[in-house]
Each structure stands twice: as C-alpha cells, then as structure tokens.
Amino acid sequence: MKGTIRRYLTEKHYGFITSEGGPEVFFHLSVFSSDTDGPPPITGELVEYEVGEGTRAANVERLVVPSSHVGTVESYDPVKGYGFVNTSKGQFYLHKSEVIGGLIPTVGSRVDFFTTDNATPGKSPRACYVAVLQ
C-alpha cells in the first residue's frame with residue numbers, strides 16, 4: 001500500500017502512516033528500510049508499506065529519497081517557533097520542532113537540512129532535521 005507519514009517521533013523511533021481508504025498504521029523505525037544515508041522518516045513523506053499484524057506496518061520503504069540542502073535563515077520568530085530558509089533551490093518552511101542539536105536558528109544563520117519533493121500544494125516545502133551550522 002502507499003501512504004503518507006502523518007507523524008514521526010524522532011526521540012521515540014516510531015510513527016504513523018495514513019492512506020486513503022485505509023486505517024492509520026503504526027510503524028517502528030526498525031521496519032523502515034532505507035538503502036540511502038538519508039534521515040529517519042519525515043512527516044509528510046510518501047511511503048510504500050505492508051500491513052503486518054493488526055494495524056502495524058511490517059515493512060516501510062521510501063518512494064522519494066530525501067535530499068540534503070544548505071541554506072540561510074531568511075526569517076525566524078523564536079516566540080512563534082517558525083520561519084523560512086532560502087537556498088538556490090527555493091524557500092523552505094522551518095519549524096522549531098525540526099531543529100536538532102540544541103542551537104536555535106537566527107536570521108542569517110546557515111543551516112543544513114533534508115526535504116522531500118512532496119510538498120503541500122500552495123505551501124513551501126518543510127525543512128526537516130535542521131542543523132544550525134557554526
């Protein structure tokens with residue numbers, strides 16, 4: 001089946017997949033197969049999966065390989081917890097929940113992050129696993 005990762009909890013190593021006409025499916029990182037050096041699963045990522053016991057995924061595979069980018073923070077509101085990153089490939093939405101490593105991004109900061117090509121129509125693609133470069 002094909003579906004979308006609705007939510008992935010990095011610190012707990014599990015998430016949930018939704019698909020049209022099917023139940024929400026739980027998956028653990030251990031069933032997520034990836035032959036790339038990309039990041040863990042990304043919320044909103046398109047995947048193909050097999051349903052195992054009950055509503056648990058037995059195997060999850062990427063349909064789109066996440067790409068790595070380096071960009072500059074154009075705007076970031078620490079109170080609201082979001083902003084935007086500019087790269088040569090365009091603009092990406094940045095949310096505080098995707099920042100790793102403990103550093104808070106500021107306007108002008110260089111950041112390294114991952115994204116997939118499956119963005120919500122009319123919205124900027126979301127930056128994931130964002131690391132502030134020093």
Side-chain angles (χ1 to χ4, degrees):
M1 296 182 75
K2 291 183 181 178
T4 304
I5 296 177
R6 182 182 63 82
R7 186 168 183 207
Y8 178 70
L9 303 166
T10 307
E11 65 284 352
K12 305 238 184 206
H13 304 291
Y14 70 79
F16 301 91
I17 301 171
T18 58
S19 63
E20 280 190 37
E24 184 172 80
V25 177
F26 168 88
F27 74 93
H28 187 271
L29 183 61
S30 62
V31 299
F32 193 89
S33 62
S34 177
D35 55 1
T36 68
D37 291 329
I42 295 174
T43 298
E45 184 175 353
L46 300 173
V47 294
E48 191 162 359
Y49 65 97
E50 298 171 18
V51 177
E53 188 177 315
T55 56
R56 291 178 176 258
N59 184 46
V60 182
E61 294 186 22
R62 287 194 146 111
L63 292 177
V64 178
V65 177
S67 52
S68 178
H69 302 278
V70 174
T72 304
V73 177
E74 175 188 313
S75 65
Y76 185 77
D77 184 331
V79 175
K80 293 181 180 177
Y82 70 88
F84 292 91
V85 177
N86 280 337
T87 73
S88 60
K89 301 283 185 185
Q91 188 176 67
F92 296 88
Y93 176 75
L94 166 64
H95 191 269
K96 68 180 179 182
S97 65
E98 295 291 351
V99 178
I100 59 175
L103 295 176
I104 297 171
T106 58
V107 173
S109 297
R110 302 250 326 135
V111 293
D112 181 48
F113 61 96
F114 288 92
T115 188
T116 60
D117 294 334
N118 48 314
T120 304
K123 293 188 176 183
S124 295
R126 186 179 180 116
C128 299
Y129 304 103
V130 179
V132 178
L133 303 173
Q134 294 184 350

Atom of Ala57, atom of Val31 and distance for their closest heavy-atom approach: O-CG2, 3.8 Å
If we only count heavy atoms from C-beta on, is the Thr87 to Val70 side-chain gap below 4.5 Å? no
For Thr115 versus Pro125, what's the shortest heavy-atom pair and its separation? OG1-CB, 4.0 Å
Given Val64 and Glu45, is the side chain to side chain contact (heavy atoms under 4.5 Å, CB included) satisfied, shown in steps? CA-CA 8 Å; Val64 178; Glu45 184 175 353; 5.8 Å; no
Which pair of non-hydrogen atoms, one from Ala127 and one from Val130, has the smallest distance, and what is that distance? CB-CG2, 3.8 Å
Residues that Leu9 engages under side chain to side chain contact (heavy atoms under 4.5 Å, CB included), provided they are two or more places apart: Arg7, Glu11, Lys12, Tyr14
Can you tell me how far the OG1 atom of Thr72 sits from the CZ atom of Arg110, to the nearest 0.5 Å? 4.5 Å
Above 12 or not: heavy atoms from other molecules or residues under 6.0 Å from CZ of Phe84? yes
Which heavy atom of Tyr8 sits nearest a heavy atom of Pro41, and at what distance? CD2-O, 3.5 Å
Does Lys2 reach the side chain of Leu63, with side-chain heavy atoms less than 4.5 Å apart? yes
Can you tell me how far CD1 of Ile17 sits from CD1 of Ile5, rounded to the nearest 0.5 angstrom? 6.0 Å
Please answer: with hydrophobic residues joined when any side-chain heavy atoms are less than 4.5 Å apart, are Met1 and Val25 in the same cluster? yes
According to side chain to side chain contact (heavy atoms under 4.5 Å, CB included), who are the partners of Ser68, at least two apart in sequence or on a separate chain? Asp112, Phe114
Residues in side chain to side chain contact (heavy atoms under 4.5 Å, CB included) contact with Arg6, at least two apart in sequence or another chain: Phe16, Thr18, Glu24
What are the two closest heavy atoms between Val60 and Phe27, and how far apart are they? CG2-CB, 4.0 Å
Approximate separation, where rounding is to 0.5 Å, of Phe32 CZ and Arg62 CZ: 4.0 Å
Quick one: list whatever passes ring-ring contact (aromatic ring centres under 6.0 Å, His included) with Phe92, sequence neighbours left out. His69, Phe113
For a quick test of your reading: what N or O donor-acceptor pairs under 3.5 Å do the side chains of residues 94-108 make, sequence neighbours left out?
| from | atom 1 | to | atom 2 | distance (Å) |
| --- | --- | --- | --- | --- |
| His95 | ND1 | Ser97 | N | 3.0 |
| His95 | ND1 | Ser97 | OG | 2.8 |
| Ser97 | OG | Arg126 | NH2 | 3.3 |
| Glu98 | OE1 | Tyr129 | N | 3.4 |
| Thr106 | OG1 | Ser109 | OG | 2.9 |

Return the minimal non-hydrogen interatomic distance between Ile42 and Cys128, and the atom names on each side. CG2-SG, 3.1 Å
Not counting sequence neighbours, which residues clear side chain to side chain contact (heavy atoms under 4.5 Å, CB included) with Glu61? List them please. Ser33, Asn59
When hydrophobic residues are tied together by side-chain contacts of less than 4.5 Å, even through go-betweens, does Val73 share a cluster with Val132? yes
Exercise: do Tyr49 and Ser19 side chains pair donor with acceptor under 3.5 Å: yes
